[in-house]
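Inspection log for the structure reproduced underneath, given as structure tokens.
Residue numbers run from 1 in the order of the sequence given.
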Amino acid sequence: MGNGTAKTWFMPDAQGNPTSIGFTLSKGAYDNLPTTLPETSYMLALPDEATSKTPYKHVMINWNPQGHEPAGIYTVPHFDFHFYMQPMNEVMAIPVYTAATAARFDKVPASVYLPTDFAKGPGGVPMMGAHWSDMTSPEFKGSPFTETFVYGSYDGRVTFWEQMVAMSYLKTNPSFDKAIKLPAQYETPGYYPTRYSIRTNADGSQDVALDGFTKR
């Protein structure tokens with residue numbers, strides 16, 4: 001990725017249950033990325049321990065060199081860090097949003113499977129689905145976009161959890177740990193995260209993670 005690498009990992013507790021999953025972007029991973037459209041997607045497998053002990057199947061790192069809608073909010077260079085609960089072959093089969101395909105994008109999950117304050121954006125994205133944004137995030141109240149947490153859905157199911165992060169913010173070498181706004185219920189029993197983080201390491205690499213896994 002760029003002039004560096006992206007590598008996924010799984011962190012268990014003493015009993016082998018998940019505490020954190022994520023990926024590490026080496027120093028240089030942000031260098032020499034495309035600056036023009038189309039967007040670039042990097043598909044990463046997760047370790048077997050992650051896929052067997054959590055709902056997550058794989059990671060998609062989506063680089064948006066010119067951002068995306070809504071205009072004036074997310075139209076800055078940024079990454080969409082998707083943690084997918086949907087198998088990769090199904091993700092790759094999600095079509096372009098058209099009048100003929102809209103029904104699956106517009107079929108929303110039951111409200112108990114998404115947090116309050118989140119609203120579905122219009123339309124949908126091929127090889128992703130529909131995106132749900134936290135309308136209480138600072139960028140919807142006039143502040144420049146830095147980072148936020150997003151949910152995704154397709155055909156009536158929640159299909160991914162996502163960190164969305166501006167490149168300009170990543171280049172400030174952030175280290176943060178925040179609570180995820182969680183749904184009231186979960187469609188599939190298992191271990192789910194309660195927090196998300198980005199950690200900048202001494203060697204210039206950065207860890208992007210879902211943390212604080214709890215059995216639901």
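Using bins of under 30°, 30° to 60° and over 60° for the plane-to-plane angle, the ring pair F81/F23 lands in the perpendicular bin.
Residues G123 and F105 come closest through the heavy atom pair O-CB, 4.3 Å. Pairing each heavy atom of W63 with each of P34, the nearest pair is NE1-O, 2.7 Å. Nearest approach of P65 to T36, heavy atoms of both residues: CG-O, 3.6 Å. The shortest heavy-atom contact between K120 and A130 is CE-CB, 3.6 Å.
Looking only at side-chain heavy atoms (C-beta outward), V158 and M85 come within less than 4.5 Å of each other. Contact annotation: the side chain of N62 approaches that of M128 to within less than 4.5 Å [non-hydrogen atoms, C-beta and beyond]. Counting heavy atoms from C-beta on, the side chains of F213 and T19 never come closer than 4.5 Å. Within the 4.5 Å cutoff, no side-chain heavy atoms of S137 are placed close to those of F149. At a threshold of 4.5 Å between non-hydrogen side-chain atoms, the residues Q163 and I198 count as touching. For the pair E39/N64, a side-chain contact is recorded, criterion being any heavy-atom separation below 4.5 Å from C-beta on. With contacts defined as side-chain heavy-atom distances shorter than 4.5 Å, the pair P183/Y151 qualifies. Side-chain contact check for M1 versus I61: some heavy-atom pair is nearer than 4.5 Å.
If you look at Y196 and F176, their ring centroids are closer than 6.0 Å. In summary, the aromatic rings of Y30 and F79 are positioned with their centroids under 6.0 Å apart. Aromatic ring centroids of Y186 and Y192 lie under 6.0 Å apart. The six-membered or imidazole ring of F83 lies away from that of F160, with a centre-to-centre distance of 6.0 Å or more.
Cluster membership for Y97 and M127, using ILVMFWY side-chain heavy atoms within less than 4.5 angstrom, is not shared. By the criterion of side-chain heavy atoms lying less than 4.5 angstrom apart, applied directly or through intervening Ile, Leu, Val, Met, Phe, Trp or Tyr residues, M88 is grouped together with V125 in one hydrophobic cluster. Hydrophobic cluster membership is shared by V165 and M167, with clusters built from Ile, Leu, Val, Met, Phe, Trp and Tyr side chains linked at under 4.5 angstrom. Transitive grouping of hydrophobic side chains (ILVMFWY, heavy atoms separated by less than 4.5 Å) brings V59 and L33 into a common cluster. Y169 and I73 fall into different hydrophobic clusters, where Ile, Leu, Val, Met, Phe, Trp and Tyr are joined by side-chain heavy atoms under 4.5 Å apart, directly or via other members.
Put simply, NE2 on H131 and CZ on F118 are 12.5 Å apart, with the number rounded to the nearest 0.5 Å. Remark: R199 CZ to S20 OG distance equals 5.5 Å, nearest 0.5 Å. The distance from atom OH of Y154 to atom CG of D106, rounded to the nearest 0.5 Å, is 10.5 Å. We find the CZ-CG distance between F10 and L46 to be 10.5 Å, quoted to the nearest 0.5 Å. The structure places OG of S153 at 10.0 Å from CD of Q86, a figure rounded to the nearest 0.5 Å. Atom NE2 of residue H78 and atom OG1 of residue T148 lie 10.5 Å apart, to the nearest 0.5 angstrom.
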key: Audit row: D48, S52, side-chain hydrogen bond (donor to acceptor under 3.5 Å, both in side chains) steps and yes/no   = CA-CA 6 Å; D48 290 346; S52 64; over 6 Å; no
task = Before giving the answer on side-chain hydrogen bond (donor to acceptor under 3.5 Å, both in side chains), spell out for T24 and D207 the whole-Å C-alpha distance, their side-chain angles and the decisive distance to 0.1 Å.
result = CA-CA 4 Å; T24 299; D207 301 326; 2.6 Å; yes
Test log, rule side chain to side chain contact (heavy atoms under 4.5 Å, CB included), inputs S41 and M60 = CA-CA 6 Å; S41 294; M60 175 196 284; 4.0 Å; yes
ask   = When you look at D155 and K107, which way does the side chain to side chain contact (heavy atoms under 4.5 Å, CB included) test go after all the steps?
value = CA-CA 5 Å; D155 200 19; K107 183 179 180 182; 3.7 Å; yes
ask   = Where do H58 and V91 land on the side chain to side chain contact (heavy atoms under 4.5 Å, CB included) test, with the steps shown first?
value = CA-CA 10 Å; H58 62 97; V91 172; 3.7 Å; yes
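No side-chain donor-acceptor contact under 3.5 Å links T200 to the backbone of Q206. A donor-acceptor pair under 3.5 Å is absent between the side-chain atoms of Q66 and the main chain of V76, judged by distance alone. Listed for the T98 side chain is a donor-acceptor partner under 3.5 Å among the backbone atoms of T101. Between the side chain of W132 and the backbone N or O of V150, no donor-acceptor pair lies under 3.5 Å. With T8 contributing its side chain and A45 its backbone, the two residues share a donor-acceptor pair below 3.5 Å. Under the 3.5 Å distance criterion, the side-chain polar atoms of S26 are matched with a main-chain donor or acceptor of T5. Looking at N201, its side chain never comes within 3.5 Å of a backbone N or O of D203 through a donor-acceptor pair.
Within a 6.0 Å radius of NZ in K7, other residues, nucleotides and ligands contribute 12 heavy atoms or fewer.
Screening E147, H82, H68 against M164 for a side chain to side chain contact (heavy atoms under 4.5 Å, CB included) leaves a single residue, H68. Applying the side chain to side chain contact (heavy atoms under 4.5 Å, CB included) test between P193 and each of I180, I21, L182, T214 identifies I180 as the sole match.
Contact check on D134 versus K181 returns a salt bridge, with a Lys/Arg side-chain nitrogen under 4.0 Å from an Asp/Glu carboxylate oxygen.
Alongside M11, the hydrophobic cluster contains W9 (criterion: ILVMFWY side chains under 4.5 Å).
Counted by atom type alone, Y74 and E139 present one or more donor-acceptor pairs between their side chains at under 3.5 Å.
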